[in-house]
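Worth saying up front: this structure is predicted, and the values here are computed from it rather than measured.
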Amino acid sequence: MLAVRGEPFDSRSTCLKSSGTAWRAVAAVEGGRWQLWGRDLADYQLRYPGLELLRRLPAGTVLDGELVVLHNGRPTLEGILHRHQLVSPRKIQYASRQRPVTYVLFDLL
């Protein structure tokens with residue numbers, strides 16, 4: 001599940017290229033519950049409460065994408081590393097407001 005640089009569209013403005021500034025994650029929705037996990041099936045759901053809106057998707061939805069923290073419209077490695085290392089619920093809630101995570105989808109499985 002390592003992201004690599006690619007050219008999926010003709011227009012450079014249409015594609016957010018990873019270049020190592022994102023965290024790969026798969027999301028799934030079933031019965032009103034949502035899950036988010038990464039490599040080795042690490043559970044990311046509690047780390048990214050701002051993505052809870054994924055539960056509104058139809059049951060059976062499975063998404064593949066990358067988690068990014070944007071600064072001036074561009075993903076930053078520092079931003080996603082800071083967010084991903086948090087484990088304290090209080091710090092996670094605070095960071096969710098200060099450095100929201102964007103889930104950039106690239107596949108509907």
Side-chain angles (χ1 to χ4, degrees):
M1 285 181 49
L2 295 175
V4 295
R5 188 175 285 251
E7 297 293 333
F9 303 107
D10 293 334
S11 169
R12 288 180 150 318
S13 65
T14 340
C15 179
L16 179 64
K17 293 184 178 78
S18 171
S19 69
T21 57
W23 210 271
R24 186 82 177 263
V26 174
V29 180
E30 195 59 53
R33 286 191 62 234
W34 69 285
Q35 294 177 283
L36 184 70
W37 65 94
R39 282 189 271 160
D40 300 326
L41 299 177
D43 185 356
Y44 293 168
Q45 185 177 356
L46 296 177
R47 289 182 184 174
Y48 303 104
L51 299 178
E52 187 268 338
L53 61 93
L54 291 172
R55 73 177 177 80
R56 296 185 208 158
L57 294 170
T61 300
V62 180
L63 307 169
D64 190 3
E66 293 181 332
L67 303 168
V68 297
V69 173
L70 301 174
H71 179 71
N72 294 328
R74 300 192 56 90
T76 67
L77 178 60
E78 176 189 302
I80 194 62
L81 288 177
H82 171 78
R83 282 298 312 275
H84 198 72
Q85 293 172 1
L86 296 177
V87 291
S88 161
R90 184 179 58 78
K91 289 181 179 180
I92 288 170
Q93 287 298 326
Y94 179 78
S96 293
R97 292 186 300 276
Q98 300 302 313
R99 292 181 179 203
V101 167
T102 300
Y103 189 38
V104 179
L105 302 178
F106 52 78
D107 208 354
L108 173 63
L109 305 175

Q | Heavy-atom closest contact (L70 atom, P75 atom, distance) | A | CD2-N, 3.5 Å
Q: Could you give me the CA-CA distance, side-chain angles and deciding distance for V68 and I80, then say whether side-chain contact (heavy atoms from CB on, under 4.5 Å) is met?
A: CA-CA 6 Å; V68 297; I80 194 62; 5.8 Å; no
**Q.** L46-V29 co-clustered via ILVMFWY side chain contacts under 4.5 Å
**A.** no
Q: For the residue pair H84 and Y48, establish whether any side-chain heavy-atom pair is separated by less than 4.5 Å.
A: yes
Q) What is the minimum heavy-atom distance between A25 and L36, and which atoms define it? A) CB-CD1, 3.8 Å
Q. To the nearest 0.5 Å, what is the distance between CG (D107) and CG (L63)?
A. 9.0 Å
Q.
Is it the case that over 12 heavy atoms from other parts of the model lie below 6.0 angstrom from the CD atom of E78?
A. no
Q. Between E30 and A59, what is the shortest heavy-atom contact and its length?
A. OE2-CB, 3.9 Å
Q: Treat each ILVMFWY residue as a node, draw an edge where side-chain heavy atoms are under 4.5 Å apart, and state whether L67 and L53 are in one component.
A: no
Got a list of side-chain donor-acceptor pairs under 3.5 Å for residues 87-96, not counting sequence neighbours?
unit_1, atom_1, unit_2, atom_2, d
S88, OG, R90, N, 3.4
S88, OG, K91, N, 3.4
S96, OG, R83, NH2, 3.4
S96, OG, I92, O, 2.9

Q: Kindly indicate whether the side chain of Y103, heavy atoms from C-beta on, has any atom under 4.5 Å from the side chain of L105.
A: yes
Q. Is there a donor-acceptor pair under 3.5 Å between the side chain of D40 and the backbone N or O of A42?
A. no
Q) Shortest non-hydrogen contact from Y44 to R39? A) OH-N, 4.1 Å
**Q.** From W34 atom CH2 to L51 atom CG, the distance as rounded to the nearest 0.5 Å
**A.** 5.5 Å
**Q.** Point-to-point distance, once rounded to the nearest 0.5 Å, from CZ of R99 to CG of L86
**A.** 9.0 Å
Q. Which atoms form the tightest heavy-atom contact between A22 and E66, and what is the distance?
A. CB-OE1, 3.4 Å
